[in-house]
Protein chains: 2
Amino acid sequence: MGCMDVKLLRQAAFVATLRTADALEADVAGLLKPDRLSPPLYNVLRIVAGAGAEGLRCGEIGERLISREPDVTRLVDRLARRRLVGRRRDRSDGRVVRVVMTSTGQALLDRLAGPMLALHDAQFGALPRADLERLVALLDRVHGR
Amino acid sequence: MGCMDVKLLRQAAFVATLRTADALEADVAGLLKPDRLSPPLYNVLRIVAGAGAEGLRCGEIGERLISREPDVTRLVDRLARRRLVGRRRDRSDGRVVRVVMTSTGQALLDRLAGPMLALHDAQFGALPRADLERLVALLDRVHGR
DNA sequence: TGACAATAGTTGTTGGAACGACTAAATGGG
DNA sequence: CCCATTTAGTCGTTCCAACAACTATTGTCA
């Protein structure tokens, strides 16, 4: 390992990051499937829940998503059809749509919170705190370039 | 940071991994787009190129893919339609299909090799060798659980 | 103020992904 | 040997994602 070419090492880091992310997300997808939620949908739900009662604009949701989705409208559409979020136009600026949480959506999130923590425990249980901090710091240096 | 709850830290590691992977893959997708290749297609092409002249079975391709795709057939289909790979049935076992490289596909790969290395350089240039090794080791401990 | 540009979201369309059912070939036990 | 089981790959369908064009509202500046 010590004599590995830097180019190959970068490739290895690339592949390891994508592979790991894929495995982690697949686990989450499995956990969400019984509730017919995809990881992006769950992500939107969490983001909206994190905002206050005044809700969030679609654009803000897009900025905070883990994977930048270019079509927040239809993502919110699907949640709204299931009454997991609400939608209303802003009075002061007629262009913006504010997305707000519903009690149904909050209940679903509450029910999923425990299992999600347990899953992350299983996923990262092998790493002690110090290693987790190192991992986060290294990853931040990669995509925060 | 030192006083962060371990649960939050695991969540942070989860998000950082997915965010970073998404950014890395988006860069690659941008590089591949002019050639109408998606990251999975490029991945298949590289895997087939890595095998010898005897080719690879579809199942083996699926196992080696970065993100597990459940439908290698149509992935190979698209490459075969563009003559980037060839396909022929195995004589000894009539069930298996062997996927082999074509000169067209190899030429495309050769043309992309340089830019891809340059991209990975830009992506991981901030990390010296020791940090790259640490990153790979940490990621392997996560998904190799 | 009035035309033009910028912003926020929506919608149309096309192609790819997910999931499962299905065909064909090979293996293995009775 | 033959039928059940397993293995390899294909195909049908439905839904989602990407890309771009479009509508509506607001901001800007001559």
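Scope of the values below: all heavy atoms of this structure, side chains included, with no hydrogens, waters or symmetry mates. Residue numbers start from 1 in every chain, and the chains themselves are labelled A, B, ... in the order their sequence lines are given, proteins ahead of strands.
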With the threshold set at under 4.0 Å for non-hydrogen atoms, list the residues of residues 41-48 of chain A touching DNA chain C in residue-number order.
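Heavy-atom cutoff 4.0 Å gives no residues at all.
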Drop me the distance from [X]'s [atom1] to [Y]'s [atom2], to the nearest 0.5 angstrom.
X: B:L79; Y: B:I61; atom1: CG; atom2: CD1; answer: 9.0 Å
X: A:Q123; Y: B:H143; atom1: CD; atom2: NE2; answer: 12.5 Å
X: B:R83; Y: B:T102; atom1: CZ; atom2: OG1; answer: 9.5 Å

Gap between atoms [atom1] and [atom2], on [X] and [N] respectively (whole Å):
X: B:R81; N: C:dG15; atom1: CZ; atom2: C1'; value: 11 Å
X: B:R88; N: D:dG9; atom1: CZ; atom2: P; value: 13 Å
X: B:R78; N: C:dT14; atom1: CZ; atom2: P; value: 17 Å
X: A:D93; N: C:dA8; atom1: CG; atom2: P; value: 8 Å
X: B:R36; N: C:dT14; atom1: CZ; atom2: C1'; value: 14 Å
X: A:E69; N: C:dA8; atom1: CD; atom2: P; value: 19 Å
X: A:L79; N: D:dC16; atom1: CG; atom2: P; value: 11 Å
X: A:D90; N: D:dG27; atom1: CG; atom2: P; value: 11 Å

A:D90/A:R95 under salt bridge (charged side-chain N to carboxylate O under 4.0 Å, His left out): CA gap, chis, key distance, verdict: CA-CA 7 Å; A:D90 193 309; A:R95 294 170 299 182; over 6 Å; no
When you look at A:E133 and B:L9, which way does the side-chain contact (heavy atoms from CB on, under 4.5 Å) test go after all the steps?
CA-CA 7 Å; A:E133 286 174 357; B:L9 202 46; 3.7 Å; yes
| request: Please work out whether the ring planes of B:F14 and A:H120 are parallel, tilted or perpendicular, with thresholds of 30° and 60°. | output: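 Plane angle between 30° and 60°, so tilted.
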* To do: Dump the intermediate steps for side-chain contact (heavy atoms from CB on, under 4.5 Å) on B:L109 and B:Y42, then the final yes or no.
  => CA-CA 8 Å; B:L109 272 188; B:Y42 173 75; 3.6 Å; yes
Would you confirm whether B:D140, through its side chain, and A:A16, through its main-chain N or O, come within 3.5 Å as a donor-acceptor pair?
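Checked: no pair found.
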*Closer to the 5' end of DNA chain D via nearest nucleotide, is it A:L75 or A:R91?*
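Going by which nucleotide is closer to the 5' end, it is A:L75.
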With respect to the side chain of B:R95, which nucleotide from D:dA8, C:dA8, C:dA17 is positioned closest?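 Selected nucleotide: D:dA8.
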Query raised in the report: Hey, does B:S92 reach any base, or is it just sugar-phosphate, or nothing, if we go heavy atoms under 4.0 Å?
Result: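 Sugar-phosphate, no base atom in range.
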**Asked** Would you find more than 12 non-hydrogen atoms of other residues, nucleotides or ligands less than 6.0 Å from A:R46 atom CZ?
**Response**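 12 or below, so no.
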Kindly give the atom pairs (protein nitrogen or oxygen, nucleotide nitrogen or oxygen) under 3.5 Å for nucleotides 10-13 of chain C.
{"from": "C:dT10", "atom 1": "OP2", "to": "A:T73", "atom 2": "OG1", "distance (Å)": "2.9"}
{"from": "C:dT11", "atom 1": "O4", "to": "A:R74", "atom 2": "NH2", "distance (Å)": "3.4"}
{"from": "C:dG12", "atom 1": "N7", "to": "A:R74", "atom 2": "NH2", "distance (Å)": "3.3"}
{"from": "C:dG12", "atom 1": "O6", "to": "A:R74", "atom 2": "NH2", "distance (Å)": "2.2"}

